[in-house]
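Everything on this sheet refers to the single structure shown next.
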Amino acid sequence: MKRVSVLGSTGSIGLQALDVARMHKLDIQALAAHSSCKKLEEQAREFSPRQVCIYDEKYYKELKTSLADTDIRVLSGMSGLCEISADKETDIVLNSVVGMVGLLPTLTAIDNGKDVALANKETLVAGGNLVMTAAAEKGVSIYPVDSEHSAIYQCLQGNSMNKISKIILTASGGPFFGKTKEDLKNVTVKEALNHPNWSMGNKITIDSSTLMNKGLEFIEAKWLFDLEPDQIEVVVHRQSVLHSAVEFEDFSVIGQMGVPDMRIPIQYALLYPYRTQCPTRPMSLTEYGTLTFEKPDLETFDCLAQCIEAVKKGGAYPCIVNAANEVAVGAFLEGKISFLRIGELVREASEHFPYTEPASYDDVLSVDTAVREFVKKSIN
């Protein structure tokens, strides 16, 4: 039985991971949340971890007081996340925090020989080369939690001797599939948060509506599976049943299917290499009847196009488009900019900054900070 620490335990992925933990009685060593103090306390009392961390330090005293009658150690801030990630009693760290916050804890976990179940996109988007190099040097495994990357990972099992021709990365198309830019001029936050298939946090749901989410996954796939950009094909699959597929050199295609439920890839990452009962439902192909596959509209959904271009340009450009998008999405959710302005800001940032090659975490952080300041000024 693996000993698990969950970063981002009160978010969508974290909550579903704890569903898996309940079913299989996993040994939860630590839990961490951004600012959901009450929910984190409830989780701590249920799972009795040795440590908890509240990232927003203004809630530290409240959490410490609320857990004073327990033996649970209370931490806070980035130092707390990293301390949990380095904990010698933990076998695998599930990183499901949102944003650049996730990069340093991932590197810390790897540096301390911990396997990582990775649901934090920014880890590989902003620091892919650093992370994969460190993982190889330390001999630790990165288990992808995204349904698409998990599907590819599953398709590759038993195929280590076979050469990949390409991977097929499926996308739901989000709530605005088939729309033109003219149709999207007056999109509201509520409309953008209405995803047809998946229940996710606000930031990821907006990213799905712009197809930025698929662009970030495109970048992640390049690093996870050591691929060239022209070996990654994005296909819109509205039903979200085929989670992704691999085409081998003989043009045989192996895909992974299942109901759209994140608990399946979460459980696969936490229990790898074992498969057992999952707290979801079985899939019936006859209930779906028809599965469809179409090309994405890169002109309307230019966030996806910008990510693909960023991978091709290399260097810090994936970090640049990610940082610009994070700030832009936050501004959209606050009603400061229009829906289409998100993609415009990502493009402006990508065009503004020159080529650089980050060689360390500090280099990545420096690029990320500069881009955020640029976009904030562009918004104001």
Side-chain angles (χ1 to χ4, degrees), residues 2 4 6 11-24 26 92 94-96 117-121 141-159 164 166-175 177 195-201 204-205 207-208 211 213-214 216-218 220-221 224-225 232-248 252-294 296:
K2 295 178 184 177
V4 182
V6 181
S12 176
I13 295 295
L15 292 173
Q16 292 174 87
L18 293 181
D19 282 345
V20 172
R22 287 186 191 93
M23 183 170 195
H24 299 293
L26 298 185
I92 185 168
L94 171 61
N95 186 347
S96 64
L118 190 59
N120 172 257
K121 296 184 184 303
S141 296
I142 305 291
Y143 298 113
V145 170
D146 271 349
S147 60
E148 295 83 0
H149 300 121
S150 175
I152 295 163
Y153 191 84
Q154 292 178 58
C155 292
L156 292 175
Q157 300 309 302
N159 281 294
I164 297 173
K166 69 176 180 182
I167 62 171
I168 300 166
L169 202 62
T170 57
S172 70
F177 174 72
H195 195 280
N197 297 333
W198 298 96
S199 175
M200 304 173 290
I204 297 176
T205 305
D207 283 350
S208 294
L211 292 198
N213 200 47
K214 202 53 51 181
L216 298 178
E217 289 172 5
F218 189 104
E220 286 182 278
L224 277 169
F225 307 111
I232 307 170
E233 179 185 6
V234 176
V235 174
V236 176
H237 169 50
R238 296 293 285 162
Q239 296 79 22
S240 296
V241 170
L242 176 68
H243 296 300
S244 277
V246 177
E247 179 186 275
F248 292 95
S252 292
V253 177
I254 297 178
Q256 186 264 331
M257 305 173 76
V259 294
D261 190 321
M262 283 302 300
R263 289 173 294 187
I264 297 174
I266 291 169
Q267 177 170 300
Y268 188 77
L270 293 180
L271 300 185
Y272 180 86
Y274 303 106
R275 294 184 186 271
T276 185
Q277 272 196 310
C278 185
T280 185
R281 62 183 176 85
M283 182 189 71
S284 169
L285 283 174
T286 55
E287 285 183 12
Y288 286 94
T290 302
L291 303 180
T292 59
F293 303 93
E294 302 181 53

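No experiment lies behind these values; they were computed from the predicted model shown.
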Next item on the list: May I have the step-by-step check of side chain to side chain donor-acceptor pair (under 3.5 Å) for Glu148 and Thr170, ending in yes or no?
Entry: CA-CA 7 Å; Glu148 295 83 0; Thr170 57; 5.2 Å; no

Check: Would you call Met283 and Tyr288 a side-chain contact if the rule is heavy atoms closer than 4.5 Å?
Finding: yes

Check: Got a second to check how far Gln16's CD is from Ile266's CD1, nearest 0.5 Å?
Finding: 5.0 Å

Note to self: With a 4.0 Å cut-off on N to O distance, would you call Arg281 and Asp261 a salt bridge?
What the structure shows: no

Check: Below 4.5 Å, heavy atoms only, C-beta onward: do Tyr143 and Leu224 meet side chain to side chain?
Finding: no

Item checked: Side-chain heavy atoms of Ile168 within contact of Val253, under 4.5 Å -> yes

Check: With side chains defined as the heavy atoms from C-beta onward, is the minimum distance between Val145 and Asn95 less than 4.5 Å?
Finding: no

Next item on the list: Taking atom types as modelled, find out whether His24 and Gln267 have a side-chain donor-acceptor pair closer than 3.5 angstrom.
Entry: yes

Next item on the list: Begin from the C-alpha positions of Lys2 and Leu270 and carry the test side chain to side chain contact (heavy atoms under 4.5 Å, CB included) through to its verdict.
Entry: CA-CA 8 Å; Lys2 295 178 184 177; Leu270 293 180; over 6 Å; no

Next item on the list: Starting from the C-alpha separation in whole Å, work towards a yes-or-no answer on side chain to side chain contact (heavy atoms under 4.5 Å, CB included) for Val236 and Lys214.
Entry: CA-CA 10 Å; Val236 176; Lys214 202 53 51 181; over 6 Å; no

Checklist line | Gln157 versus Tyr272, side-chain donor and acceptor atoms under 3.5 Å | finding: yes

Checklist line | Within-4.5 Å side-chain heavy-atom neighbours: Pro144 and Leu118 | finding: no

Note to self: I'd like to know whether Phe225 forms a side chain to side chain contact (heavy atoms under 4.5 Å, CB included) with Val246, so could you lay out the CA-CA distance, the side-chain angles of the two residues, the decisive distance to 0.1 Å, and finally the verdict.
What the structure shows: CA-CA 11 Å; Phe225 307 111; Val246 177; over 6 Å; no

Item checked: Test log, rule side chain to side chain contact (heavy atoms under 4.5 Å, CB included), inputs Met23 and Asp19 -> CA-CA 6 Å; Met23 183 170 195; Asp19 282 345; over 6 Å; no

Note to self: So Asn159 and Ile254, do their side chains get closer than 4.5 Å, heavy atoms only?
What the structure shows: yes

Notebook entry, point to check: Are Gln256 and Ser244 close enough that some pair of their side-chain heavy atoms sits under 4.5 Å apart?
Noted result: no

